[in-house]
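The chain is numbered in sequence order, starting from 1.
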Amino acid sequence: MGGIADELLAHKPAGAQISALIDGFTLQKAAVIPDEIRGWDKNGVDDPKSFHYRSHPGIDKQLCDFWRANQPTHEANSGMPSHHWFHYTDVPVDPPQKYRDGKVGRSQWDIVHMIPYCVSVLRGETSEENARKITKPVAVILLAHYVGDIHQPLHVGAEYFDVQGRVVDPSRDKSALPDEGGNTFTLELSDDPPRRRGIHKKKFHGFWDFDTVNTLLATLPATNSEKEGREQTSAAIKNIIHEMISSEPKNWRLSPNIHLRNYAEAWADEILPVAREAHQRVTFSRVTPLQDEGRTVAAGEAEEKPSRDHVLYREWASEIVRDELHKAGWRLADLLEQSLGSTSSSDTSSLSH
């Protein structure tokens, strides 16, 4: 997704601005940094064994400051939010709703709030000397990741269960337990190969984060070396990027009357029906309460059920992810251009490639 934006912004003022801000990092690389810095969570950034971006000391310092200001916490009402919270929101998928229709699963630190926060820093509306330690370079790095996250349905929608494991409306049942976007559920698909001994079931959330994306790379030929495997994967990614910059995705532009600060909410509302279907296409079983990092959540198993359209879950999900990555790449480029003042959302030719 970041690679798509890299190509769309190449040779444009915004592209040069971004490269200067993030010290030559590409957006493709920047997009993985917010997940990489989770590696600091266990021992902290100051541990002698912690990794660092030593060839980019200025960026590394800003990322360390960001991590220190947003350290992992198990307290939902903590005055210092966890940087983990910035990646998602847990809007109930049952009953169907939009982001602003309720409060359950939302917070001032969720992804729908943090995307416009980063935009406001880039636009100079929020000082870089803010409590979250989000500077302009950090804002670019976070947006390169968050815009992808908000196009992943299980980063936005969640199912809620009662203590008996039944799906409930959390606005009516205050004791309802979230599935944390599928992080606490395993997933079994009808076309899964038999599992060998010692191989665990995949996570519902992890399937959407990784398996669906890997499917887009097609089946790479077997290789005898890691180097060949990396080269083949890199070539496959380049082909996908080329394909996705060669044609505009359908319906990627929002209505001109939607303000930049409301883009994230509009994107969340757009993906919520997909999140709902992602849950409706499976059957939940063995749902029980689970203590997870100081809070009680629902955990259990999800299994693909026969669909009316006779399309396998893996095929359906992979097509969704292809379309969402395509849109996310173009939207990231457009968001950064607008945030840096390089173009207007009404300029329909600005991202033609």
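Transitive grouping of hydrophobic side chains (ILVMFWY, heavy atoms separated by less than 4.5 Å) keeps V297 and V167 in distinct clusters. One hydrophobic cluster, built from ILVMFWY side chains closer than 4.5 Å, cannot hold both L312 and L216; they sit in different ones. Cluster annotation: Y99 is connected to L254 through the hydrophobic network of ILVMFWY side chains, with a link wherever side-chain heavy atoms come within less than 4.5 Å.
Neither side chain, H326 nor D323, offers a donor N or O lying under 3.5 Å from an acceptor on the other. In this structure, a donor-acceptor pair under 3.5 Å is absent between the side chains of E243 and N239. D179 and H279 form a side-chain donor-acceptor contact under 3.5 Å, judged by distance and modelled atom types alone.
Using a 4.5 Å cut-off on side-chain heavy atoms (C-beta onward), R106 and V91 make contact. Within the 4.5 Å cutoff, the side chain of D192 has no heavy atoms near those of the E304 side chain. Looking at Y88 and Q152, their side chains never come closer than 4.5 Å, going by heavy atoms from C-beta outward. Residues Y146 and I150 fail the side-chain proximity criterion, which asks for heavy atoms closer than 4.5 Å.
Note on ring orientation: taking the six-membered ring where Trp is involved, the planes of F161 and F284 are perpendicular (angle over 60°, cut-offs 30° and 60°). Between H83 and W67, the two ring planes are tilted [angle within 30° to 60°].
Panel note: side chain H151, backbone V147; a donor-acceptor pair is recorded below 3.5 Å. At distances below 3.5 Å, not a single donor-acceptor pair connects side-chain atoms of D90 with backbone N or O atoms of G105. One N or O on the side chain of D110 and one on the backbone of H113 form a donor-acceptor pair closer than 3.5 Å.
Annotation for M1 and G329: closest pair CG-N, 3.5 Å, computed over non-hydrogen atoms. Of all heavy-atom pairs spanning L27 and I18, the tightest one is CD2-CG2, 3.9 Å. The two atoms that bring V121 and N130 nearest to each other are CG2-ND2, 3.9 Å, heavy atoms only. Nearest approach of V311 to R281, heavy atoms of both residues: O-NH1, 3.5 Å. Among all heavy-atom pairs drawn from W40 and S50, the shortest one is CD1-CB, 4.0 Å. The two atoms that bring W208 and A278 nearest to each other are CZ2-CB, 3.7 Å, heavy atoms only.
Atom CD of E129 is surrounded by 12 or fewer heavy atoms from other residues, nucleotides or ligands within 6.0 Å. Heavy-atom contacts from other residues, nucleotides or ligands closer than 6.0 Å to NE2 of H242 number 12 or fewer. When the shell of 6.0 Å around CG of D191 is examined, it contains more than 12 heavy atoms from other residues, nucleotides or ligands. Annotation for R100: atom CZ does not count as buried by contact number, only 12 or fewer foreign heavy atoms lying within 6.0 Å. In the displayed structure, K305 atom NZ is contacted under 6.0 Å by more than 12 heavy atoms of other residues, nucleotides or ligands. More than 12 non-hydrogen atoms from other residues, nucleotides or ligands lie less than 6.0 angstrom from CZ of R38.
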**OP:** Apply the test salt bridge (charged side-chain N to carboxylate O under 4.0 Å, His left out) to residues D46 and R68: give CA-CA distance (whole Å), side-chain angles for both, the deciding distance (0.1 Å), then the verdict.
**Re:** CA-CA 10 Å; D46 299 310; R68 291 188 187 101; 2.7 Å; yes
Subject >> side chain to side chain donor-acceptor pair (under 3.5 Å) evaluation trace for H259 with R261 >> reply: CA-CA 5 Å; H259 193 278; R261 63 175 171 267; 3.2 Å; yes
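The residues E270 and R331 are annotated as salt-bridged, a charged nitrogen and a carboxylate oxygen being separated by less than 4.0 angstrom. Ion pairing between a basic and an acidic side chain is recognised when a charged N comes within 4.0 Å of a carboxylate O; K29 and D6 show no such pairing. Salt bridge D162/R166: present, at least one basic N to carboxylate O contact under 4.0 Å.
If you look at Y117 and F86, their ring centroids are not closer than 6.0 Å. For W109 and W85, the ring centers are positioned 6.0 Å apart or more.
Note that CD of E315 and OG1 of T215 are 10.0 Å apart. Values are rounded to the nearest 0.5 Å.
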